[in-house]
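Structure, as structure tokens:
Every chain is numbered from 1 and lettered A, B, ... according to where its sequence line falls, protein lines coming before strand lines. Please read all numbers here as calculations on a predicted model, not as lab measurements.
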Amino acid sequence: MPHRTRWRRRQIARGRPGSGGRVCYGPRPMSGQESKAKYKDTVNLPETPFPMRGDLATREPEILKKWDESKLYERIQTARAGAPLFVLHDGPPYSNGHIHYGHILNKILKDIVVKSRTMAGFRTPYVPGWDTHGLPIEQAVERDLGPKRKGMSAAEIRAACRDYAMKYVAIQREEFKRLGVLGDWDQPYLTLDKTYEGAIVRALATFARGGYFYRGKKPVQWCPRDRTALATSEIEYQDISLPSVYVRMPLVEDAQAAWRGKLDPRLEGRRLSLVIWTTTPWTLPSNLAIVAHPTFTYVAFPNRNDAGEYLIVARELAESVATAIGGADLAAAIEITPEQMKTLEGARYQHPFLPRPSITSSGDLDFRLWFADYVTADAGTGLVHTAPGHGPDDYKTGMTIGLPPYAPIDDGARYVPGIALETGARRVELAGKSTEEANPIIVEHLAATGFLLNPPTDNVRTSAAHCWRCKGPIVHRATPQWFIAMDHEGLRQRSLDAIRATKWVPPWGEERIHAMIDNRPDWVLSRQRLWGTPIPAFYCGECRVEHASADTMDHIAEIFDREGADAWWNREVIDLVPPGTKCTGCNAGPDKFEREKDIVDVWFESGVSWLAMARRDTDGKDYGDIDLYLEGSDQHRGWFHSSLLAAMGVKNAAPYHQVITHGFVLDENGIPYSKSSIAKAKSEGKKTSYIEPETVIAKSGTEMFRLWVGATEFRTDITYSQKILDGLGEWYRKLRNTARFLLGNLAADFDPNVHDRKLVTLGIDRYLLARLDDVVARARKAYEAYELHVVHRLLVELVTVDVSALYSDVAKDRLYSDPIDAPSRRAAQVVLYECLRAIATLAAPILCFTAEDIWTHMPKRAGDPDSVHLTAFPEVAAEGASAPIIADFAILLAWRERVTKALEPFRAQKNKSVDAAVTLHPAAAERDVLVQYEAELADLFIVSDVTISSAGDSTVEVAAHTGPRCERCWKHFDTLAADPGDVCERCAAALARRK
RNA sequence: CCGCCCUUAGCUCAGUAGCAGAGCACUUGGCUGAUAACCGAGAGACGGAGGUGCGAUUCCUCCCGGGCGGACCA
């Protein structure tokens with residue numbers, strides 16, 4: 001708590017012996033104090049209703065209500081109608097659950113950017129969005145529905161999903177608004193909007209028209225529990241233990257074997273076995289080939305358990321294989337050169353438990369040795385078990401040779417009927433078994449039949465792909481899916497070029513996304529789910545030909561624009577296709593068509609949000625020309641990635657000009673500050689805790705979150721802790737109190753329409769205005785470069801050093817004691833006003849509530865709007881104009897420090913600094929400057945008299961001023977005014993003015 | 001395993017190849033006409049080890065710690 005230290009300190013002070021009566025809570029002793037306060041009622045003390053404490057938890061909702069009722073966002077847009085456009089496009093958060101700290105960071109950052117761009121003169125619309133389709137919502141709904149789900153139609157389940165999504169849209173909308181984020185909250189974009197669903201299909205139509213869209217059976221990452229394909233962005237890796245098996249695959253020495261007689265003579269008459277290694281024994285029933293590397297050297301060494309057999313592995317790996325299989329006589333190993341290996345190309349081997357000769361439709365291509373250069377020598381045997389239905393590289397090899405993507409498992413990753421292990425008389429049924437159940441069965445079978453070379457209990461720890469939603473292991477499985485071809489019409493290369501043309505902040509993001517696009521496989525668009533937008537394709541019920549024409553998709557897009565994607569399930573097929581549509585294969589009518597059951601990957605949906613925005617062209621303004629995406633750095637593989645590909649396909653340009661990323665929110669121990677990460681760290685025995693944002697907000701409001709975001713360098717990971725918030729709270733109070741002081745000296749009698757910079761003559765006043773211009777110019781630049789923490793630093797320095805410690809202290813004399821309308825006092829007020837205005841406006845994007853509060857209490861110029869967020873940042877006078885005064889004051893302020901220091905012992909003797917008369921002994925070089933400002937030095941140093949000597953050792957001499965003291969302003973003079981006799985001339989005049 | 005980023009005082013941030021700065025926190029003095037305020041003073045830091053420089057917090061290499069991302073690892 002911010003106040004605790006303060007209180008403790010006071011209590012300690014009270015209890016300390018000898019601390020005397022100075023710290024006490026009772027009435028102060030009256031004697032002797034009265035004369036001090038004699039003229040108190042005649043000085044112009046600050047006065048303002050602006051409270052010392054923010055009381056943000058109650059004050060913020062009031063301000064929000066005012067903004068809401070006065071339609072502030074709409075008024076800002078109207079006010080900027082003719083201004084240049086700056087579009088920050090909102091990345092849609094997923095609409096389930098309450099918001100967390102990552103959302104808070106992201107949304108506040110965006111809001112600060114939007115507000116600062118607005119105040120820099122741009123029209124900056126902000127349309128928030130939500131990602132509302134997809135698996136997590138569907139799963140949550142299924143869980144909530146329980147057994148009821150069985151009897152429900154697709155339309156009914158989709159309706160439940162919609163309700164669920166919209167519930168959280170409503171919740172998150174309120175939570176985001178509570179952060180002070182201004183935007184078009186009444187008309188957000190939602191991926192479940194009818195027109196958005198139309199845009200998705202329209203984008204697909206463009207891909208189809210361009211020939212990128214195809215259906216293929218190839219291995220995709222498949223989650224057997226969620227029963228759907230997954231994109232690379234939906235995969236995470238976890239360390240798990242997998243069985244490790246070395247399996248011998250005996251070469252068949254039949255009449256056609258080309259290698260006979262071509263190998264080392266010592267191998268003549270020996271039986272040879274290829275040795276493969278795998279950690280996924282369950283894929284062995286799908287093995288169709290073994291692949292070797294074209295340039296590796298291999299060796300054959302005797303099998304210890306079978307005198308007549310030699311085992312073949314890569315030479316590089318022979319030793320590790322020997323170790324794994326319990327030892328081998330490598331001294332007897334015989335080399336097989338790459339050239340000799342070549343003669344083995346196409347050599348047949350005997351599959352350990354599939355006795356039949358071939359399962360390919362294309363003839364006799366399976367169970368042979370082939371070559372590929374993706375084989376590595378860092379693990380395994382250099383001979384790769386290849387199952388084209390269960391791995392991307394395997395698939396590639398299969399395509400080259402003509403092997404099918406054979407994957408005899410169903411949606412739940414269980415073997416289909418007819419799959420069994422058969423070796424001689426030993427037969428083990430696999431049908432119905434899951435891949436995990438199959439692993440030990442297969443290992444046991446291999447061991448029992450002599451094909452396994454290593455102990456059946458061996459396993460390895462490795463990181464393996466898992467589903468990011470259900471966290472379970474996933475499999476590679478070939479199934480028919482819709483894809484976007486990355487290398488059609490140069491899509492990949494054009495995307496890479498577009499990355500180069502985009503500005504990435506911080507710059508390393510460019511390489512990251514470049515490498516990802518460079519390496520990624522074709523985009524799997526199909527999801528075997530309900531809650532989303534259907535893939536708008538059909539199959540002819542007569543001849544099975546696919547129908548995925550662009551024209552048909554455009555037609556469907558129009559229907560979706562009006563009715564939403566529900567039309568896909570609610571309408572007859574004949575009502576979904578353009579009139580006159582016929583099967584291109586057999587000329588059957590659409591009444592014979594069956595519709596595609598899969599939906600579109602949600603990453604494709606959010607990837608076309610820029611298109612949905614462009615279509616929101618209701619007022620003739622192009623929201624689709626987007627300047628900036630601003631998200632967490634994880635979106636390089638997510639939304640930045642999918643948006644880029646979608647935009648390259650649809651309009652052949654990146655959807656953004658600039659992409660900025662922020663880091664993750666970590667706690668003080670460096671653990672990601674999310675509920676799950678913190679819980680995990682806690683379960684591992686680390687000392688940590690998580691406080692819900694709602695709890696913090698209810699107690700202290702959201703302005704501190706905004707300050708946290710504004711003060712922190714967000715491009716790297718950023719730390720959140722209560723301690724940091726408390727520290728920022730201290731600064732916040734300083735800012736608030738300084739503003740309060742400024743307001744107090746302005747509110748009652750200052751009119752900015754009458755009093756302006758023309759009144760300013762004194763050096764200190766000119767210096768402050770110069771400093772102010774400097775800060776304004778730098779802050780504007782910092783906002784432009786999104787360096788919010790720099791803005792924060794500038795504000796801190798301005799407020800603490802220049803305004804509070806220096807200027808307020810120095811100007812108090814004029815403000816309090818001058819006649820109300822004395823030009824010198826007005827000049828000080830002008831300076832205060834300029835400072836206050838600059839502070840309020842520069843702070844407004846960050847401290848949106850407090851700046852508004854200040855603005856409301858401030859005297860206004862004619863034409864000033866009622867909200868600070870409708871104003872612009874201050875303009876800066878010509879650059880460089882302030883250099884001379886800044887240089888002069890560098891010298892004067894150094895002297896001020898010397899004087900203050902020299903006054904320490906003087907003040908320790910119960911004197912005040914105004915009781916002093918000081919003599920300066922400047923070096924010759926500085927003397928002129930001091931003399932130039934001689935008249936105002938006493939006030940600058942807050943003493944009663946300054947003498948400049950001609951000695952030059954840069955020291956300061958302090959003496960008590962011997963003249964009488966003015967009882968009103970407490971400064972000493974050689975003589976006082978005649979009437980009344982105890983005040984100075986200036987104060988006498990001020991008193992006279994009051995009558 | 002690979003790649004990228006980060007590491008300056010208790011906290012948040014500056015900064016530079018040449019005595020390391022600010023604000024807050026801390027210790028401490030003062031004021032009581034900004035008072036649950038305000039004005040001073042003090043103490044406190046370049047993650048570690050090498051290297052190249054007359055000189056390194058700054059440039060290079062490696063390591064520790066933290067984060068993010070990638071991976072066909074059969």
Does a side-chain N or O of [X] approach OP1 or OP2 of [N] to a distance below 4.0 Å, or not?
X        : N     : answer
A:Ser804 : B:C38 : no
A:Lys734 : B:A37 : no
A:Lys40  : B:G33 : yes
A:Tyr816 : B:A34 : yes
A:Thr800 : B:A22 : no
A:Arg512 : B:C5  : no

Sugar-phosphate, base or nothing in reach of [X], heavy atoms under 4.0 Å:
X        : value
A:Asp634 : sugar-phosphate
A:Ala908 : nothing
A:Gly744 : nothing
A:Arg907 : base
A:Val796 : sugar-phosphate
A:Ser721 : nothing
A:Arg968 : base
A:Pro506 : nothing
A:Trp508 : sugar-phosphate
A:Thr719 : sugar-phosphate
A:Lys812 : base

Indicate, yes or no, whether a donor-acceptor pair under 3.5 Å links the base of B:A22 to the side chain of A:Arg793.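 When only heavy-atom distances are counted, A:Arg793 does reach the base of B:A22 through a donor-acceptor pair under 3.5 Å.
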Does a distance-only test, which skips hydrogens and angles, find a donor-acceptor pair under 3.5 Å between the side chain of A:Arg715 and the base of B:C5?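 It does not, because no donor-acceptor pair links the side chain of A:Arg715 to the base of B:C5 below 3.5 Å.
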Output the rounded distance in Å from [atom1] ([X]) to [atom2] ([N]).
X        : N     : atom1 : atom2 : value
A:Trp970 : B:C38 : CH2   : C1'   : 13 Å
A:Glu47  : B:A34 : CD    : P     : 14 Å
A:Arg637 : B:G3  : CZ    : P     : 20 Å
A:Asp809 : B:G30 : CG    : P     : 17 Å
A:His789 : B:U12 : NE2   : C1'   : 10 Å
A:Phe664 : B:C68 : CZ    : P     : 6 Å
A:Leu815 : B:C38 : CG    : C1'   : 15 Å
A:Phe741 : B:G33 : CZ    : P     : 13 Å

Between [options], which one does the side chain of [X] approach most closely?
X        : options             : value
A:Lys901 : B:C68, B:G42, B:C24 : B:G42
A:Tyr39  : B:G40, B:G33, B:C31 : B:G33
A:Leu45  : B:G33, B:G23, B:G40 : B:G33
A:Glu730 : B:A34, B:C24, B:C11 : B:C24
A:Met516 : B:G70, B:C73, B:G67 : B:G70
A:Thr279 : B:A34, B:A41, B:C73 : B:C73
A:Glu797 : B:A22, B:G67, B:C13 : B:A22
A:Lys910 : B:G67, B:G30, B:A37 : B:G30
A:Thr716 : B:C5, B:G23, B:G67  : B:C5
A:Met52  : B:G70, B:A34, B:A22 : B:A34

Looking at [N], which nucleotide sits across from it as a Watson-Crick or G-U wobble partner, both distances under 3.5 angstrom, or is there none?
N     : answer
B:C59 : B:G51
B:A41 : B:U27
B:C1  : B:G70
B:C19 : none
B:U7  : none
B:G33 : none

Using the [atom1] atom in both, what is the distance from [N] to [M], to the nearest Å?
N     : M     : atom1 : result
B:U61 : B:G23 : P     : 36 Å
B:G55 : B:A71 : C1'   : 45 Å
B:A9  : B:C13 : P     : 12 Å
B:G33 : B:C38 : C1'   : 11 Å
B:G66 : B:G47 : C1'   : 11 Å
B:C5  : B:C63 : P     : 15 Å
B:C62 : B:U16 : C1'   : 25 Å
B:G51 : B:U12 : C1'   : 33 Å

Look at the rings of A:Trp708 and A:Tyr101 and say which category their plane angle falls in: under 30° parallel, 30 to 60° tilted, over 60° perpendicular.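 Rings of A:Trp708 and A:Tyr101: perpendicular, over 60°.
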Which residue is it: A:Arg477, A:His476, A:His390, A:His385? I am looking for the one with a side chain to side chain donor-acceptor pair (under 3.5 Å) to A:Thr283.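 The passing option is A:His385.
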Between [X] and [Y], what is the shortest heavy-atom contact and its length?
X        : Y        : result
A:Trp970 : A:Arg965 : O-CG, 3.6 Å
A:Met704 : A:Gly729 : SD-CA, 4.0 Å
A:Pro281 : A:Ile442 : O-CD1, 3.5 Å

A:Arg898 to A:Phe941, cation-pi by 6.0 Å centre distance and 45° axis angle: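 No, cation not above the ring by the 6.0 Å, 45° rule.
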Taking the basic N atoms (NZ, or NE/NH1/NH2) and the acidic carboxylate oxygens, is any pair closer than 4.0 Å for [X] and [Y]?
X        : Y        : value
A:Asp915 : A:Lys912 : no
A:Asp634 : A:Arg637 : no
A:Asp982 : A:Lys38  : yes
A:Arg778 : A:Glu787 : no

Let me know, please, whether A:Ser817 or A:Pro281 comes out on the 5' side of the other along RNA chain B by nearest nucleotide.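 The residue whose closest nucleotide sits nearer the 5' end is A:Ser817.
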